[in-house]
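Here's the structure we're looking at; comments come further down.
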Amino acid sequence: MLVVKKFGGSSVANKERIYNVANRCIEDYKAGNDVVVVLSAMGKTTNELIAKAKDISAKPPKRELDMLVAVGEQISVSLMCMAMAELGVPAVSLNAFQVAMHTTSDYTNARLTSIDSERIRAELDARKIVVITGFQGVDKYNNVTTLGRGGSDTTAVALAAALRADKCEIYTDVDGVYTADPRIVPDAKKLDEITYDEMLELATLGAGVLHNRSVEMGKKYGVQIVVRSSLNTNEGTVVKENAKMEKMIISGVACDKKPARIAVIGLQDQPGVAFKLFNHLANHGINVDIILQSIGRDGTKDISFTVDEDKVDEALAVMENHRNTSLICDKIDVDRNVAKVSVVGAGMVTNAGVAAKMFEALYSAGINIKMISTSEIKISVLIDQEYCDQAMRAIHDKFIKSN
Ligand code: ADP
Ligand code: ASP
Ligand code: MG
């Protein structure tokens with residue numbers, strides 16, 4: 001059997017944890033399996049490296065930032081192989097360049113395009129444990145890239161797909177996927193199973209337990225993903241195509257603190273206004289999420305929308321550039337202190353009243369809703385960021401605790 005085992009930062013945070021992981025991998029190896037291990041940077045290393053960059057420059061070139069942060073994963077894999085050698089098992093560390101893991105050139109957010117499996121196969125055939133850097137890649141000009149924060153999960157699932165692994169296990173600091181972040185909602189329940197679609201929504205809407213692109217990749221290549229703890233042997237959560245959800249309408253609640261809201265007030269109420277506004281933003285690669293347009297009044301209307309907070313300044317600059325030509329309006333207003341709270345569940349499609357129940361939970365907690373957006377399997381609301389945790393608990397209580 002070929003297994004891919006990925007361990008996150010907290011699972012390799014210090015010497016004791018590194019030896020713990022080494023022993024778990026060796027157990028699999030001694031059972032006769034081929035073992036491929038994917039590691040993240042130790043503890044808070046990636047954050048510390050980013051802080052170093054920001055100390056030198058407020059806006060470091062993205063290529064150089066990737067060159068810097070990729071170092072973190074290399075520390076983990078080399079130390080892990082030293083620990084394995086100390087325990088008497090042959091292991092070899094490989095970085096993205098040595099594998100090679102090819103990506104696009106979108107620094108800090110590169111996409112994997114293909115993985116060469118020859119070197120890995122050769123090392124496995126020589127009965128070594130192969131320990132590979134997560135998160136990093138290499139573009140077609142041999143530049144180092146990274147897959148975005150949390151991207152080691154995607155490295156692991158992509159490797160499992162490329163190697164046609166029998167198992168892909170993501171080890172972290174919680175027992176599996178819960179109905180909400182257990183650090184924020186203490187009564188959150190662990191799910192035995194969840195579908196790719198629901199997990200993808202949850203991950204995209206802020207549940208940081210899995211990188212959303214790892215779930216996308218799992219679905220595309222049919223890789224079953226198991227999320228479990230590196231600190232115990234509990235069963236974990238299986239992410240797969242069809243899951244039994246035991247009469248639960250909602251599979252989870254998530255919160256994302258990244259959005260910011262921009263309101264454009266007093267636009268002309270005539271055809272083409274929305275097109276021009278969003279076209280300017282699209283031309284600058286700025287993604288827009290929730291959009292709300294008011295009813296026209298006295299020949300004018302307002303349009304509000306959300307963008308990621310790190311794109312706000314760019315969005316404002318783009319809009320300011322067109323203020324006197326194609327974007328005539330009275331005022332542009334920004335609110336950076338907002339959060340998006342969402343409920344996700346495939347059961348919503350066939351159950352009426354989910355939105356009302358969510359809004360009732362927020363009303364009971366005295367939390368005001370600023371924007372709403374829905375799809376077949378999710379409802380999201382924008383609220384003041386300070387109420388984020390409280391909102392998650394209130395919504396979770398209403399849907400899951402009382403079930
Ligand atoms: P790793 O370093 O192992 O990749 P992460 O910090 O990226 O770990 O992901 C694990 C964390 O995800 C947990 O500690 C937990 O706080 C958070 N989390 C957010 N939403 C969920 C959820 N629905 N279920 C489980 N954990 C969640
Ligand atoms: N070390 C990287 C990060 O902190 C990648 C990962 O942990 O998956 O984002
Ligand atoms: Mg992670």
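Both ligands and their constituent atoms are indexed starting at 1 by order of listing. Keep in mind that what you see is a predicted model, and the values were worked out from it rather than measured.
No salt bridge links D153 with R213; every basic N to acidic carboxylate O contact stays at or beyond 4.0 Å. For K370 and D335, the salt-bridge test passes: some basic side-chain N is under 4.0 Å from an acidic carboxylate O. In summary, K258 and D289 do not engage in a salt bridge, as defined by a charged side-chain N under 4.0 Å from a carboxylate O. In this structure, D106 does not pair ionically with K62, as no charged nitrogen and carboxylate oxygen lie closer than 4.0 Å.
Geometrically, R127 engages Y29 in a cation-pi contact, judged by NZ or CZ lying under 6.0 Å from the ring centre and within 45° of the ring axis.
Taking any N or O of P182, backbone or side chain, none lies under 3.5 Å from an N or O belonging to ligand 1. At a 3.5 angstrom cut-off on N or O pairs, Y178 counts as close to ligand 1. Considering backbone and side-chain atoms together, D181 places an N or O closer than 3.5 Å to an N or O of ligand 1.
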For this session: Carefully, step by step, assess N321 and H280 under the rule side chain to side chain donor-acceptor pair (under 3.5 Å).
Result: CA-CA 10 Å; N321 267 342; H280 291 316; over 6 Å; no
Exercise. Given the rule in the salt bridge (charged side-chain N to carboxylate O under 4.0 Å, His left out) test, do K257 and D308 qualify, once you have shown the distances and angles that lead to the verdict?
Worked result: CA-CA 9 Å; K257 293 184 176 160; D308 270 1; over 6 Å; no
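The environment of CD in E314 is crowded: more than 12 heavy-atom neighbours from other residues, nucleotides or ligands sit within 6.0 Å. For Y19, the OH atom counts as densely surrounded, since its 6.0 Å shell holds more than 12 non-hydrogen atoms of other residues, nucleotides or ligands.
With distances taken over non-hydrogen atoms, the option nearest atom 13 (C) of ligand 1 out of L210, V209, D173, V12 is D173.
Among protein heavy atoms, the minimum distance from atom 2 (O) of ligand 1 is reached at G9 N, 3.1 Å. Shortest contact from atom 14 (O) of ligand 1 to any protein heavy atom: R183 NH2, 2.6 Å. G176 O, 3.3 Å is the protein heavy atom nearest to atom 25 (C) of ligand 1. Among all non-hydrogen protein atoms, the one lying nearest atom 9 (O) of ligand 1 is G208 O, 3.5 Å.
Under 4.0 Å from any atom of ligand 2, one finds heavy atoms of residues S40, A41, T46, E73, F135, R149, G150, G151, S152.
Contact atoms of ligand 1 toward T172: 1 (P), 3 (O), 8 (O), 9 (O), 10 (C) (distance under 4.0 Å to a heavy atom of the residue). Near V177, the atoms of ligand 1 lying under 4.0 angstrom from a non-hydrogen atom of the residue are 24 (N). Close approach of ligand 1 to K6 (heavy-atom distance below 4.0 Å) involves ligand atoms 4 (O).
Under the 4.5 Å side-chain criterion, counting only non-hydrogen atoms from C-beta, L205 is in contact with S380.
Look at S230 and you'll find every heavy atom at least 4.0 Å from all atoms of ligand 1. For S40, the heavy-atom gap to ligand 1 stays at 4.0 angstrom or more.
Shown here for T155 and M101, the closest heavy-atom pair between the two residues is CG2-SD, 3.7 Å.
Judged purely by distance below 3.5 Å, without hydrogens or angles, the side chains of Y171 and E169 pair a donor atom with an acceptor atom.
Remark: atom 6 (O) of ligand 1 lies closer than 4.0 Å to no protein heavy atom.
Just one of N143, T145, T146 meets the side chain to side chain donor-acceptor pair (under 3.5 Å) condition when paired with D66; it is T146.
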